[in-house]
Amino acid sequence: MDPVDDLLATMRIEDARYIRVEANAPWGVSFPPRHLARLILISGGSCRLDSDVLARPQRLQSNDCFLVRAGVGFTLRDADDSEILDCDDLAAQAPGHLVRVGGDGEPTRILSTRFTFDAVAAEPLFALLPPLFRLPPDDASGELLRATFELIEHESSANRLGAGFVMGRLSDALFVQALRTCCADVGSGSVGWVAALRDPRLALAMQELHADLSRSWTVGELARTAGMSRSAFATLFKERTGDTPLSYLTTWRMYRVKVLLRETPLSVQEIAVRVGYDTGTALSRAFSKREGVSPGTWRKTAGAPGGSESRGADFTKGHAHIRGDARVTVA
């Protein structure tokens, strides 16, 4: 299993919900910040997208699609002065998966899915993604996303036995398709662990490292796996990930520690052995240095749902985020 497969399996999509919005001008719908991600497709018509994470409003057309990270709010409307209604209020008043809003003017059709998942397990991936990511509408991945949306829409309207279950699984697949498209974008010409995975000179060493985080890796061993000299490997690794090989290894070990602290009753000593530390004391020292708290404290506070005591591992070194049409560099 490659690192992205492993991460997607670990983050566990816990809940996926779908609604179809049929809007006629004048209309406006706000999507307040929530602890969930959203994927939106404009399947017909056009609208204006506003968000605090965008440098300026954007005009969306039919087939435009975007992914929104948890904690990011945005608004869709037909015009600047249209009244805005809360999406949750609209959904609560509407039967089934269909929401109607607005007057009797120009129509716009919106397909919306929302997802909740283990935020701790998803940290390495979502740390690389911009708060709001517009997916390319015309390439093969865009066509695949639209096809999956259409399947979900068909299930929602057909009212067949097991439709809810099928829609849930299709929504899971839709979310993974969107994340895969995002990964392909952030891994193309950028800096970060996904970019390194896509570099054929580093891919094998990266896969071997992720497959066995408990191994006492050295830069020389990783370089031999990549078929490179130690110095050339270290230089290329830093260029592609923004980190040194051993610091990168520590970052992923800390990520794995947090997942195990959150999901298992294993002791710190047992976790230490699984992630490459000889003793629980050695792990606690490394964890405290990275996270600012001990593993035990993290498990009681930040490891609980909604907790946020720890600093979190840095998966964004040197990585450039694209927020709509504005580029921001993460320090």
Side-chain angles (χ1 to χ4, degrees), residues 1-15 33-37 69-72 115-129 179 192-194 206-219 221-222 241-319 330-331:
M1 180 178 289
D2 72 30
V4 176
D5 285 343
D6 184 37
L7 190 150
L8 290 171
T10 303
M11 64 186 278
R12 297 194 321 274
I13 300 173
E14 298 165 352
D15 183 32
R34 297 282 188 267
H35 293 296
L36 47 85
R69 277 173 47 175
V72 175
F115 313 88
T116 58
F117 45 83
D118 187 333
V120 171
E123 180 185 353
L125 181 57
F126 275 79
L128 296 181
L129 300 182
L179 290 178
W193 65 272
V194 174
M206 292 283 290
Q207 291 167 3
E208 292 292 323
L209 182 149
H210 280 271
D212 190 4
L213 293 175
S214 65
R215 181 172 169 177
S216 298
W217 288 102
T218 66
V219 177
E221 288 174 321
L222 291 168
T241 67
D243 205 355
T244 65
L246 297 186
S247 177
Y248 176 90
L249 173 61
T250 300
T251 295
W252 278 89
R253 282 176 170 174
M254 295 303 103
Y255 160 71
R256 181 58 62 185
V257 168
K258 288 191 286 185
V259 171
L260 292 172
L261 286 170
R262 185 180 175 102
E263 296 185 355
T264 75
L266 294 173
S267 68
V268 173
Q269 175 61 42
E270 290 171 318
I271 293 174
V273 173
R274 291 195 178 197
V275 298
Y277 290 89
D278 293 333
T279 66
T281 300
L283 170 59
S284 294
R285 186 163 50 247
F287 189 92
S288 298
K289 183 178 180 180
R290 285 286 182 121
E291 300 297 321
V293 293
S294 69
T297 300
W298 191 94
R299 175 175 259 165
K300 294 175 182 177
T301 55
S308 58
E309 297 278 336
S310 69
R311 292 195 296 261
D314 184 4
F315 293 94
T316 63
K317 292 185 178 180
H319 183 76
V330 178

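Formation of a donor-acceptor pair under 3.5 Å by the Trp217 side chain with backbone atoms of Pro245 is not found in this model.
Here the shortest heavy-atom pairing between Arg299 and Leu260 reads NH2-O, 3.7 Å. Scanning both residues, Pro295 and Phe287, for their nearest heavy atoms gives N-CD2, 3.6 Å. Across every non-hydrogen atom of Arg69 and Phe126, the tightest pair is NH1-O, 3.0 Å. Nearest heavy atom pair, residue Ile271 against residue Val257, reads CG2-CG2, 4.0 Å. Across all non-hydrogen atoms, the minimal contact from Pro124 to Trp193 is O-NE1, 3.1 Å. The two residues Arg290 and Thr251 come nearest to each other via the heavy atoms NH1-OG1, 2.5 Å.
The structure places CH2 of Trp298 at 6.0 Å from NZ of Lys258, a figure rounded to the nearest 0.5 Å. Expressed to the nearest 0.5 Å, how far OG1 of Thr250 lies from CG of Asp243 amounts to 8.5 Å. Taking CD of Gln207 as the start and CG of Asp212 as the end, the distance is 14.0 Å to the nearest 0.5 Å. To the nearest 0.5 angstrom, Glu221 atom CD is 10.5 Å from Leu209 atom CG. Rounding to the nearest 0.5 Å gives a distance of 9.0 Å between CG of Asp278 and CD of Gln269. The structure places NZ of Lys300 at 12.0 Å from CG of Leu261, a figure rounded to the nearest 0.5 Å.
Between Trp252 and Tyr255, the ring planes lie perpendicular to each other; the angle is over 60°, past the 30° to 60° tilted range.
Using a 4.5 Å heavy-atom threshold, the side chains of Arg274 and Leu266 count as touching. Residues Leu179 and Phe115 have side chains not in contact (no heavy-atom distance under 4.5 Å, counting atoms from C-beta outward). Between Arg285 and Lys289, the closest side-chain pair of non-hydrogen atoms is not below 4.5 Å. Leu283 places a side-chain heavy atom less than 4.5 Å from the side chain of Met254.
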